[in-house]
There are 2 protein chains.
Amino acid sequence: MPKSTVSKLVPKVPGVSVPGASRRQQYSASTKRALVDVAESLFTEHGYAATSLDAIVAGARVTKGALYHHFSGKQALFEAVFERVETDASRAIQKALRGKKDPWEKALAGLRAFLTVVQEPRYRRVVIQEGPSVLGYERYREQEERSTFANVLEIVRSVISAGTWELDEDMLQTFSRIFFGAMSSAGETVSSAEDPIAAAERVETAITFILQGFQALADAGVELPSGRSESS
Amino acid sequence: MPKSTVSKLVPKVPGVSVPGASRRQQYSASTKRALVDVAESLFTEHGYAATSLDAIVAGARVTKGALYHHFSGKQALFEAVFERVETDASRAIQKALRGKKDPWEKALAGLRAFLTVVQEPRYRRVVIQEGPSVLGYERYREQEERSTFANVLEIVRSVISAGTWELDEDMLQTFSRIFFGAMSSAGETVSSAEDPIAAAERVETAITFILQGFQALADAGVELPSGRSESS
DNA sequence: TCTGGGTACGTACTCACGGTATGTGAGCCA
DNA sequence: TGGCTCACATACCGTGAGTACGTACCCAGA
């Protein structure tokens, strides 16, 4: 379809029509959504570098003019996709946490939700695989910080504070980072395993075991050192 | 410097001159090394996408003909850089492990070596940040599998077998993956912290604490479940 | 109802960059 | 000393990101 000048004549399906917006604004928001939708799909399937803007605008049935009207460039478009995937993931995890009061139960529910999220191709590709490279580590970290990682931190905080110890903020961050990395890697293992279900069970077993270690230490009254440990 | 036809007249510094090779072969190997050297430097500094082949060949004082004679393309060149960085990292870790007999001591030494390696800008940029994106996850995993991850696996194996438990191969892989992810993330935290030394100490403290949990479980005679855990 | 302005695009173009086809001179071997 | 091959150099092409500019449409105000 080389020319699609008629496309602006057909009424664009406005997704969710916001009542307090003019028709122009609705159309605009619609094309923007369409761009992000197509971009998310193509980025997920072929990756960032292998996806051309021409393919994206063709899929959204607009031209590059529209794209550059809404986004400052390819990277900004990727960022919009990234943010949406992250937000969805974070919401899914928070939904799983809702209602759980016991911190250990909460942790397990969070783990399972995360293991589910990390199976999504779009999350794997956009966030884990290409996020650090495309956004750069700084921006990547900023985004993670206020979405998925925030959930992990909250879980760790509740688990820690439920134990007998208490912890300064730095150590809490450190523990959270470690668990976050552990879960990311575990999720990657699960999603790329030949048998993801069995792999997920193994991960759950392993994490549970580690948490049991924590409980054992708590029962034994071992303190959590927050200062420096003497090195040999 | 637009023309550098003289460059092939100046005797190229042959790095380590292999005795059993003709002058042609030595020159060839030298230019190949130069290409990888420059590429490593530029990839580390500006990233993969922001580094043009023109810049690389200019830095190595050759032309694209030379580059495409030695490598099939930009990605292949990156792969060569990646492999070298990985190999160096693996060697550094193995060197740190040498001589340690006690598995716990070994684990700690490995941790420290890894935390050191992950501070290197080239490792952070080439391996962690851009490796998954440029190589794709499959090739990335293959490479990691037989270098840094192999070290982690060996450490975990020795620690596990030193405890009272024993473990089937799948669970061992799972544990290793988890620890590998934990350490990667921890390393990232350390390297991007405002005070890396203090951050490294916190990481050591945290990891040590987790390992203490393992020991506590071992002392208590808790078994490591290798089968499936019943899910609620 | 007309009109001016601004928004939301479309069109045509530039330029940088990865990749390729082909030329060429220096080295090894007979 | 000739020929052959390797190790490049040179010139070129296609693709794709980004830009400059034109334009149709909607909405507010008169």
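Chain identifiers are assigned alphabetically (A, B, ...) following the order of the sequence lines, protein sequences preceding nucleic acid strands; residue numbering begins at 1 within each chain.
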Send over the distance from [X] [atom1] to [N] [atom2], rounded to a whole Å.
| X | N | atom1 | atom2 | answer |
| --- | --- | --- | --- | --- |
| A/Leu35 | C/dA8 | CG | C1' | 12 Å |
| A/Gln75 | D/dG16 | CD | P | 19 Å |
| A/Leu42 | D/dG16 | CG | P | 13 Å |
| B/Tyr27 | D/dA9 | OH | P | 14 Å |
| A/Tyr48 | D/dG16 | OH | P | 14 Å |
| A/Arg61 | C/dC9 | CZ | P | 13 Å |
| B/Leu67 | C/dC17 | CG | P | 15 Å |
| A/Leu77 | D/dG16 | CG | C1' | 15 Å |

Hey, does the side chain of [X] come within less than 4.0 Å of [N]'s phosphate (OP1/OP2), counting only N and O?
| X | N | result |
| --- | --- | --- |
| A/His69 | C/dC9 | no |
| A/His70 | C/dC9 | yes |
| B/Ser28 | D/dC8 | yes |

- Item | Listed nucleotide nearest any side-chain atom of A/Thr31, set C/dG10, C/dC9, D/dA17 |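 Of the options given, the side chain of A/Thr31 lies nearest C/dC9.
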- Message: Tell me whether the side-chain N or O atoms of B/Lys64 pair up with the base of D/dA9 as donor and acceptor below 3.5 Å, since no angle test is needed here.
- Response: no
- Message: Taking atom types as they are modelled, would you say the side chain of B/Lys74 forms a donor-acceptor pair with the base of C/dG19 within the 3.5 Å cutoff?
- Response: no
In Å, rounded to the nearest 0.5 Å, how long is the span from [atom1] of [X] to [atom2] of [Y]?
| X | Y | atom1 | atom2 | answer |
| --- | --- | --- | --- | --- |
| A/Phe180 | A/Ser185 | CZ | OG | 11.5 Å |
| A/Glu144 | A/Arg177 | CD | CZ | 7.5 Å |
| B/Leu77 | B/Glu40 | CG | CD | 10.5 Å |

- Kindly say whether B/Ser133 contributes a backbone atom to a donor-acceptor pair with the side chain of A/Gln129 at under 3.5 angstrom?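 No; zero donor-acceptor contacts below 3.5 Å.
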- Query: Taking 4.0 angstrom as the limit, do B/Lys32 and B/Asp37 come out as a salt bridge?
  - Reply: no
- Query: Where along residues 49-57 of chain B does a heavy atom come under 4.0 Å from DNA chain C, residue by residue in number order?
  - Reply: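 Heavy-atom contacts with DNA chain C come from B/Thr51, B/Ser52, B/Leu53.
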- Message: With a 4.5 Å cut-off on side-chain heavy atoms, are A/Phe114 and A/Thr148 touching?
- Response: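 The answer is yes, as the side chains (C-beta and beyond) meet within the 4.5 Å cut-off.
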- Query: Do B/Tyr123 and B/Asp88 have side chains that get closer than 4.5 Å, going by heavy atoms?
  - Reply: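 Side-chain contact under 4.5 Å: no.
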